[in-house]
Amino acid sequence: DATLASVEATSADRLRELAGMAEQALAGDTAYPERRHISAVTIRFQVDQEAAVLTGVGRAREQVRRWRSTTDPGRWDERRYLRELVEEVRALGVVDRTSASSTRPG
């Protein structure tokens, strides 16, 4: 759980930094105020990424709690979990049905 806690803390720190950057941009306290619209989009993108990291940490904790140890997942079915993951990615339309590593052209 130490690794997950570290990832969570790093992501939370980054979210605080991003909120501060957004506040600075709102106040006009930026080196390039004429590019504030670009900052707004890129900060949102980064916030979304960090929010996804926090969601992932929560999901990982939920799974890890079911394990007996890091070398013994007990009855937790990692194969089912991996199949669900592949299906989730396929549903996004970036992977074809024959290979999880191929990307869709165009």
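Residue indices begin at 1 and follow the sequence shown. Every heavy atom of this structure was used, including side-chain atoms; hydrogens, water molecules and symmetry mates were not.
No side-chain heavy atom of L54 sits less than 4.5 Å from a side-chain heavy atom of V7. Between E78 and P73, the closest side-chain pair of non-hydrogen atoms falls below 4.5 Å.
Listed here is the closest heavy atom pair of L4 and V64: CD1-CG2, 4.5 Å.
S39 contributes atom OG, which lies 10.5 Å from atom CG of L26 (distance to the nearest 0.5 angstrom). Atom CE of M21 is separated from atom CD1 of I43 by 4.5 Å, given to the nearest 0.5 angstrom. Within the model, atoms CD of E8 and OG1 of T3 stand 12.5 Å from one another, a figure rounded to the nearest 0.5 Å. For the atom pair D77 CG and L82 CG, the distance stands at 9.0 Å (nearest 0.5 Å). Atom CZ of R75 sits about 8.5 Å away from atom CZ of R68, to the nearest 0.5 Å. The CG atom of D29 sits 11.5 Å away from the CD atom of E23 when rounded to the nearest 0.5 Å.
Put simply, the side chain of T55 gets close to the backbone of A51: a donor and an acceptor are under 3.5 Å apart.
Shown here is R35, whose CZ atom has no more than 12 heavy atoms of other residues, nucleotides or ligands within 6.0 Å. Within 6.0 Å of atom CD in E88, 12 or fewer heavy atoms from other residues, nucleotides or ligands are found, so the atom counts as exposed in its surroundings.
We find that R14 and E17 are joined by a salt bridge, their nearest charged nitrogen and carboxylate oxygen being less than 4.0 Å apart. Salt-bridge formation is not detected for the pair R83/E87: no Lys NZ or Arg NE/NH1/NH2 atom is positioned less than 4.0 Å from an Asp or Glu carboxylate oxygen.
For W67, the ring-ring contact (aromatic ring centres under 6.0 Å, His included) test picks out W76, with sequence neighbours left out.
Looking at E50 and S11, their side chains do bring a donor and an acceptor atom within 3.5 Å of each other.
Listed by first and then second residue, the ring pair (Phe, Tyr, Trp, His ring centres under 6.0 Å) pairs involving residues 26-57 amount to none (not counting sequence neighbours).
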Practice item. Test R61 against D1 for side chain to side chain contact (heavy atoms under 4.5 Å, CB included), laying out the working first. Key: CA-CA 8 Å; R61 275 200 178 111; D1 194 45; 3.0 Å; yes
